[in-house]
Amino acid sequence: MSLFSNPFDANSRLACGCGRHASQAEHERAAQALVSADDSAVENAVMRALFPQDALRRRFLRAVGSGTAMAAIASIFPLAAAKEAFAQSAGPLEKQKLKVGFIPITCATPIIMAHPMGFYGKQGLDVEVVKTAGWALIRDKAMSGEYDAAHMLSPMPLAISMGVGASRAVPWTMPAVENINGQAITLSMKHKDRRDPKDWRGFKFAVPFDYSMHNYLLRYYLAEHGLDPDTDVQIRSVPPPEMVANLRADNIDGFLAPDPVNQRAVYDGVGFIHTLSKAIWDGHPCCAFSASKEFVTAMPNTYQALLKAIIEATAYARNPAHRKEIATAIAAPNYLNQPVTVVEQVLTGTYADGLGKVLTDPNRIDFDPMPWQSFAVWILTQMKRWGQVKGDVDYQKIAGEVFLATDAVRLMREAGLTPPADTGKTFSIMGKPFDPSQPEAYLAGFKIRRT
């Protein structure tokens, strides 16, 4: 028998939903202890809110009938959506204690801040966020199961799923983007009079990882200025925490890096910000929340709770009014280990450029969790452009299997964000439009490429 009586029955009473408890409060405590409940739980809550006096509810139902009442209430309240949300959130957590790996950069802001600011705890999770030295290590620990989920560069779940750059192919997912924009090209101070990329032949650049937006954006930027990134310059992978030291030691001439690396180079007086990555592609994705397909399917309730915590943290971070508070929370040694002023300059968008100017760009970094599948298609074109993948690529299939847009859309709505109506969109990079439905034609349009 259902715990809840039928709220659309004019003869039933809602003083207690099942008639087995001395009070409604006792009834609700019992209801919350259940693993699951049927649809009438939602209907009970709605009817109780509309008719606080049960006698009025029964008179209304006798006057119009249960069918008419249900139709009328459904027209003003989304009963179906509420039931779906109730059903999806009712199951117990399969695992409460989790480890989530992260790299200490501002791209990981939602994953990091969800720990000190209580977003994980709100979902009943006990999450240990583990600072990790580099992307290869975070990939390996995630693939081995040491981490339940991880902060990854948005191309990494695609590469892992295809077995590119890894020991084997493992189905991986990216249900949320961590940040958009938030990177920059920073050059050594000795190059302050060499701002034209055509003068950069022979330069040594660093990027965080081969399978990164940083690598693809830097290559794109260089190629659009006539430089072949494989022959005219050197590009090497350097973990973000080591980039400023390498710039200071003159091991590299510059980098396209995540923040706060760029701002720290300015703070230390060893580099200047040549251009923000948003000038290359405004709104580009960078980092992501990721998990194996096995985790998503074997622990659906835990996965949903974890994703919900991340998306709610992302929604909070998206509000500029919260940025200084967040900067203070994540600058600590166990997180970013940076001066608060460095992190604030990144998150607020009011920053020193290293050449004597203070600039303001509120969109220097932003937070939008939507994993647009067109983002995935673009990334795949660049992986193929530079020879990381060869042969035919089923762009749409891979994008749909890895970038889990449907999960993000539902939870974005619950977090107060406005999700898009579609999972794909067009955009332009340095003035060149990208149509995700024509990836091969787009790829063929590049003069400098390896394919």
Side-chain angles (χ1 to χ4, degrees), residues 88 91-103 107-108 110-112 114-115 120 123 125-178 209-213 285-311 313-314 369-373 375-376 379-380 383 388-389 394 397-411 423:
Q88 289 168 341
L93 299 177
E94 298 88 358
K95 184 177 182 181
Q96 185 181 24
K97 291 183 177 292
L98 303 174
K99 282 188 176 182
V100 178
F102 75 94
I103 301 292
C107 302
I111 285 175
I112 298 171
H115 184 253
Y120 294 129
Q123 302 302 323
L125 297 169
D126 181 2
V127 175
E128 179 185 359
V129 289
V130 186
K131 187 189 294 188
T132 311
W135 295 109
L137 185 59
I138 213 166
R139 176 198 62 200
D140 294 346
K141 285 178 176 289
M143 290 179 69
S144 71
E146 183 175 339
Y147 293 162
D148 297 286
H151 162 215
M152 284 188 178
L153 299 157
S154 52
M156 288 174 64
L158 296 165
I160 293 170
S161 294
M162 294 188 292
V164 177
S167 57
R168 67 190 192 283
V170 177
W172 217 262
T173 71
M174 199 194 91
V177 169
E178 285 291 282
F209 199 54
D210 288 344
Y211 304 95
S212 70
M213 289 299 296
C286 182
C287 288
F289 165 70
S290 74
S292 68
K293 189 73 172 177
E294 180 182 5
F295 176 81
V296 171
T297 55
M299 300 187 183
N301 299 322
T302 299
Y303 156 70
Q304 179 172 256
L306 185 56
L307 178 57
K308 188 171 184 179
I310 297 295
I311 288 182
T314 304
M370 181 62 190
W372 295 96
Q373 290 174 358
F375 286 171
I379 291 168
L380 291 168
M383 294 172 76
Q388 291 179 331
V389 296
D394 193 336
K397 180 176 183 292
I398 296 170
E401 290 176 348
V402 178
F403 280 41
L404 302 184
T406 302
D407 291 356
V409 165
R410 175 171 48 79
L411 293 175
T423 60

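No side-chain heavy atom of C107 sits less than 4.5 Å from a side-chain heavy atom of E178. With a 4.5 Å cut-off on side-chain heavy atoms, T314 and F289 do not count as touching. Counting heavy atoms from C-beta on, the side chains of M162 and Q388 never come closer than 4.5 Å. Annotation: side chain of I103 is in contact with side chain of H151 (closest heavy-atom distance under 4.5 Å). In this structure, I398 and L158 have side chains that are in contact, with non-hydrogen atoms separated by less than 4.5 Å. Residues Y120 and I111 are in side-chain contact: their nearest non-hydrogen atoms beyond the backbone lie under 4.5 Å apart. The shortest side-chain heavy-atom distance between P371 and L404 does not fall under the 4.5 Å cut-off.
Shortest non-hydrogen contact noted between P157 and S290 is CG-CB, 4.0 Å. Closest of all the heavy-atom pairs between T423 and A405 is CG2-CB, 3.5 Å. When all heavy atoms of I138 and A150 are compared, the pair lying nearest together is CG1-CB, 4.3 Å.
Listed by first and then second residue, the salt bridge (charged side-chain N to carboxylate O under 4.0 Å, His left out) pairs involving residues 125-136 are K97-D126 (not counting sequence neighbours).
Without hydrogens or angle criteria, Q123 side chain to L306 main chain gives no donor-acceptor distance under 3.5 Å. For the pair E401 (side chain) and S161 (backbone), a donor-acceptor distance under 3.5 Å is absent. Here the side chain of S154 pairs a donor or acceptor atom with the backbone of C286 at under 3.5 angstrom. Checking side-chain atoms of T302 against main-chain N and O of L93 turns up no donor-acceptor pair under 3.5 Å.
Tested against D148, the residues K141, K99, K95 include a single salt bridge (charged side-chain N to carboxylate O under 4.0 Å, His left out) partner, K95. Under the side chain to side chain contact (heavy atoms under 4.5 Å, CB included) test applied with W172, the options M143, M156, K293 reduce to a single match, M143. Of the options L153, I379, V164, a side chain to side chain contact (heavy atoms under 4.5 Å, CB included) to Y211 is made by V164 and by none of the others.
By the 6.0 Å contact criterion, CD on E294 is open, its count of non-hydrogen atoms from other residues, nucleotides or ligands being 12 or less.
The line from CE of M174 to CD1 of I160 is 12.0 Å long, rounded to the nearest 0.5 Å. W135 CH2 to C287 SG: the interatomic distance, rounded to the nearest 0.5 Å, is 4.0 Å. Rounded to the nearest 0.5 Å, atoms CE (M370) and CZ (F403) are 10.5 Å apart. If you take NZ on K308 and CD1 on I310, they are separated by 13.5 Å, rounding to the nearest 0.5 Å.
Between Y303 and F295, the two ring planes are perpendicular [angle over 60°; tilted spans 30° to 60°].
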Before giving the answer on side chain to side chain contact (heavy atoms under 4.5 Å, CB included), spell out for V402 and Q373 the whole-Å C-alpha distance, their side-chain angles and the decisive distance to 0.1 Å. CA-CA 9 Å; V402 178; Q373 290 174 358; over 6 Å; no
